[in-house]
Amino acid sequence: MLEKQVALVTGASRGIGRAIALELARQGASVVVNYAGNEVKAQEVVDEIEALGAKAIKIQANVSEEEEVKNLIKETVAQFGRLDILVNNAGITRDNLLMRMKENEFDEVIQTNLKGVFLTSKAVTRQMMKQRSGRIINVASVVGISGNPGQANYVAAKAGVIGMTKTAAKELASRNILVNAVAPGFIETDMTNELTDEQRESMATLIPLERLGKAEDVANVVRFLASSDAAYITGQTIQVDGGMVM
Amino acid sequence: MADTFERVKKIVVDRLDVEEDKVKMEASFKDDLEADSLDVVELVMELEDEFDMEIADEDAEKIGTVGDAVNYIDSQS
């Protein structure tokens with residue numbers, strides 16, 4: 001379904017990013033596995049993709065650094081000749097109550113989760129405009145819609161991503177570049193494992209489907225948004241949250 | 001400069017789908033050649049490829065007419 005297409009997934013060494021990278025590879029895409037620090041995990045994802053019979057490379061880059069992002073895109077195009085799908089997945093948390101949150105905790109999350117999306121989107125646009133096609137899929141979060149205690153920084157970043165998704169969609173639609181977001185709810189990953197039991201329980205009771213989501217649940221929606229089936233969808237945020245927020 | 005103008009003109013005609021005789025030095029991309037902001041960004045990208053140069057965003061923002069583009073390219077080479 002995505003044969004001959006090239007996908008770049010940021011923060012793809014684990015969690016939701018890993019599941020997305022594997023799913024796109026299963027559809028035949030060549031995948032660039034971007035990672036910030038965990039080279040061993042990134043290589044494991046590359047190996048898994050190659051075992052599926054698809055092409056993959058790993059490229060280290062911190063998405064909050066413009067020069068590193070430029071090199072990431074340049075290297076991707078140099079290796080594969082094009083870039084069809086960008087999945088902005090890289091993200092961090094620095095949870096704290098608003099009253100206790102340090103300035104650096106706020107800044108770090110905004111830098112990676114919001115500015116990172118800006119930098120990568122800006123950098124891929126040139127290539128996608130030349131191709132007259134492209135898909136940008138941002139991994140937001142349902143808390144960017146609902147808010148969540150202890151995550152003022154993360155929520156602000158994710159709400160920002162949803163707004164940026166709509167703006168980029170409007171700016172780039174005439175060049176056949178479609179920009180959408182997925183907003184995962186409570187997904188079983190290393191990131192949500194860091195939450196306290198209290199946070200975990202209070203969130204679980206709010207899910208009509210009565211289970212935590214899996215990274216694959218998110219990856220399946222990203223696959224759809226990357227496919228030709230989603231050719232008439234842009235600027236949207238699709239919640240993958242078991243009905244948690246309506 | 002004549003050569004630069006001809007090369008720029010060809011790109012403008014191709015990209016904006018306008019008549020050749022409308023592409024004059026004083027022609028404004030937006031007002032005379034009906035380009036939108038994104039068209040201008042794309043034109044600058046193509047000029048970079050054609051002339052094998054990088055045009056900084058600050059400089060690109062100052063390019064409003066065909067002449068601006070031609071003069072900028074000549075000043076850099």
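Below, chain A is the first sequence line, B the second, and so on; all start at residue 1.
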When rounded to the nearest 0.5 angstrom, what is the spacing between CE in B:Met45 and NZ in A:Lys130? 5.5 Å

Point-to-point distance, once rounded to the nearest 0.5 Å, from CG of B:Asp39 to CZ of A:Arg175: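 Reported to 0.5 Å precision, the distance equals 4.5 Å.
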
I need the residue from A:Arg126, A:Glu171, A:Met129 with the largest number of non-hydrogen atom pairs under 4.5 Å to chain B.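 Counting heavy-atom pairs under 4.5 Å, the top option is A:Arg126.
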
Does [X] [atom1] have over 12 foreign heavy atoms under 6.0 Å away?
| X | atom1 | result |
| --- | --- | --- |
| A:Glu3 | CD | yes |
| A:Asn104 | CG | yes |
| B:Glu50 | CD | yes |
| B:Glu34 | CD | no |

